[in-house]
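As the structure lists them, so they are numbered: ligands from 1, and atoms in each ligand from 1.
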Amino acid sequence: MKKLFCFLVVILAFTQAAFSQSREVKVLNANWKFQKGDHAGAEKVVFNDAKWQRVSVPHDWAIYGPFDKNVDIQKVAIVQNGETVATEKTGRTGALPHIGSAWYRNTVTLPKDVKGKKVILLFEGAMSEPEIYWNGKKVGEWKYGYSYFYFDISQWAQEGNNTLAVKLSNKEFASRWYPGAGLYRNVSVIIKNEESIDQWGQFVTTPLVTDAVAKVNIKTKVSGENTRLLTTIFDADGKKIGSDEATVPFGQEFDQNIKVETPKLWSPESPYLYKAVSQLFVGDQLKDENTTVFGIRSIKYEAAKGFSLNGKVTKFKGVCLHHDLGPLGVAVNKAALRRQMQILKDMGCNAIRSSHNMPSFEQLELADEMGFLFLAESFDEWAKPKVDNGYHRFFEEYAEKDIVNLVRATRNHPSIVMWSSGNEVPDQWGEEGVKRAKWLQEIFHREDPTRPVTVGMDQVKATIESGFGALLDIPGLNYRVHLYDEAQKKFPQGFILGSETASTVSSRGIYKFPVVQEKMKQYPDFQSSSYDLEACSWSNVPDEDFVLQDDKPWVIGEFVWTGFDYLGEPTPYDESWPSRSSYFGINDLAGLPKDRYYLYRSRWNTKDTTLHILPHWNWEGREGQTTPVFVYTNYNSAELFINGKSMGVLKKNNSTPQNRYRLMWMDVKYEPGIVKVVALDDNGKAVAEEQIQTAGKPHHIVLEAERKTMSADGEDISFVTVSVVDKNGIPCPTATNQLKFKVSGAASYRAACNGDATSLEMFHNDTMKLFSGKLVVLVQSKTSAGTAKLEVSGAGLKSGFIDLLVK
Ligand code: GAL
């Protein structure tokens, strides 16, 4: 054992040393100077930015608000929503001040020997239309704010200080949701030798996977002459599994195959990851080294059977996600993404669609590690517009480049099992669109022959007629539950994906009476009911998708719109200020679960039990009035009691989609007290119970941290759920107290969010009202270890405290 340990230390030391002499990666997070506006001359080296704001990147300049009705007001008819008359849409893009230009400047210090090296400047996303200047010289530009892109700046890189300046411009009428603003993902500089592995130059695939053996194929594009490539595979414990040395490049590409015996396969249940370390030599000199994390897994899409992962038929229990992180805006943060994905895991979700654009690298890393199947999407528009200043302006020039970058940058992630070239593109109409669909799909195939391509289609009839749907690898239907059968008959693929489903709307903790199914229902308070019976004119409630998923073996899964609420698109209140964020989420903008979370969990999470009661039971003034009680549960049957009185036993049945998936006591008359549900097994035996209770007046504040320990990296965030309870500790579900937050010690206050889509309180201010009795406070670690304390106070309430450890 001791010997092995020494051996490992030697390897580690060797790789460290090799690493330092081969390439250096500088992530440019700190010391940026930022200013909104045009600023003539800001690209130059000599420029007075002394008064500019100092920021760190990832950064979203618009998330600090204020919310303003006049930002990006769009007077339009949303055609894909079936609207024919233009009306004024406030809040469609979040009502946050993201329109206009801004500059970022930074000083990048490069080492002595930088001349003769290869220097790459990499952006993982810049919102939007970035223009990049290096030492005053324009070195490149891009258009699409969601793309990853890089430039080789070797010829301009200087020893010592270099000036990097980036101009970004956001137009109005450019988006259908909050796009954010700024350098919202990482920017880095990579310094390597002339003889080196190309940026995104490696492609690791597993063309043969059996229980006994896997063939790992590694294609590596390199620069420089007389090179040889040594690639070694390590398992998750760092144990060497196999290696291959290649001396003959084909063109500038090495092609290696390495055998892995009894491979541990990657899957959502067991997301096992390997590493391929490739070292490029000239003679005995190590010139470059690159590590690629990969998984061994096989995917297959077949008529009748659908999607198989490692030979096992697997349905997508997925959600669509926009890129914003609620109170953080679009500034990417790994801790926030991890928390979202933990919430999704607990719900039993196994798949994510990055709607309608490129996912962050951080999200893909987490999907690999935590086990999510990933549908990576590219565009919401092709050549035909949805919004005046949308992607159609760039489509002809950029579509291929954007896809190439998406695929090359992310194709080694085992989580990605499908690409999407578009969402509900208006090009579904007309012959040109069919050609575009084929063209884009072929680019994906050329860049990655291992994964299929889909398009989320809403114009199902048109795509059946035109051949658009038939040519896709995977026909994806957005909504249109009534057309699944016809599409299955007419499309040749033999299966259908619910690429976007449900679009049910609800506000956490808000219930409306009478309880009836509604489309586009609006209420004076601009909230939607959490009885989960309200959808849009084009969409449906979850149960209707469940029926298709359960009864049609050729339906290969669904991606629910959406896993979390997002900024912008406040349907059904698109015209109602101050609505400024969505109602579609299974979880709210703060990441707090709505009731719907438990409906999906009762179906998707097959490991744990679910027994959830709604609505809350604080209905002063409704005494004696009909107040239906729903239970979302994996159990088939249950008995409901109000203050000990039985309301009867209900059993799921096939009479309606709702009766099949929910237990609904429709005639309950409200009286304050205790609502108890007892779940019954098939023999009528009680197997589990749950209860909720009418609360008294708000008395004290309770804090619950999602994580009590954070890393001292200055980026980690703990999400603390804040609620108020009565003097007996019963949660007060209707409380709206104004609270105040104070963080001291080794962390700082970052933001708060209560999930109310109509709230105009800014996230970064240290005060906010509770919404339906709750909100979430984000506490961010500093860079040195210690203890942090969060204190939450409110008038007339006993304060809440929590200690967090930063290490
Ligand atoms: C879909 C669209 C999504 C979102 C959703 C709302 O048609 O693809 O981006 O707008 O509707 O229901």
Compute the shortest N/O to N/O distance between [X] and ligand 1 and return yes if it is under 3.5 Å, no if not.
{"X": "Tyr566", "result": "no"}
{"X": "Trp561", "result": "no"}
{"X": "Glu500", "result": "yes"}
{"X": "His322", "result": "no"}

Between [X] and [Y], is NZ or CZ placed under 6.0 angstrom from the six-membered ring centre and within 45° of the ring axis?
{"X": "Arg603", "Y": "Phe546", "answer": "yes"}
{"X": "Arg339", "Y": "Phe719", "answer": "yes"}
{"X": "Lys512", "Y": "Tyr523", "answer": "yes"}

> Given Phe630, which of Tyr511, Tyr661, Tyr598, Tyr531 fulfils the ring pair (Phe, Tyr, Trp, His ring centres under 6.0 Å) condition?
Replying inline: Tyr531

>> I'd like to check which ligand 1 atoms, numbered from 1 as shown, lie under 4.0 Å from a non-hydrogen atom of Asn423.
In response: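 Under 4.0 Å from Asn423, ligand 1 has these atoms: 2 (C), 8 (O).
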
> Which ligand 1 atoms are under 4.0 Å away from a heavy-atom of His356?
Replying inline: 3 (C), 8 (O), 9 (O)

>> Just to be sure I read this right, does ligand 1 sit under 4.0 Å from the backbone of Gln80, its side chain, both, or neither, counting only heavy atoms?
In response: neither

>> Could you check whether Trp142 and Tyr398 have their ring centres less than 6.0 Å apart?
In response: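 When the ring centroids of Tyr398 and Trp142 are compared, they turn out to be within the sub-6.0 Å range.
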
>> Considering non-hydrogen atoms of the protein only, which is the closest contact for atom 12 (O) of ligand 1, and what is the distance?
In response: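 Heavy-atom neighbour on the protein nearest atom 12 (O) of ligand 1: Ser503 OG, 2.6 Å.
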
> Out of Ile510, Leu592, Asp588, which one pairs with Ser772 under the side-chain contact (heavy atoms from CB on, under 4.5 Å) rule?
Replying inline: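 Of Ile510, Leu592, Asp588, side-chain contact (heavy atoms from CB on, under 4.5 Å) with Ser772 is met by Ile510 alone.
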
Determine whether any heavy atom of [X] lies closer than 4.0 Å to an atom of ligand 1.
{"X": "Asp458", "result": "no"}
{"X": "Trp177", "result": "no"}
{"X": "Glu569", "result": "yes"}

> Have Thr504 and Arg596 got a donor and an acceptor in their side chains that come within less than 3.5 Å?
Replying inline: no

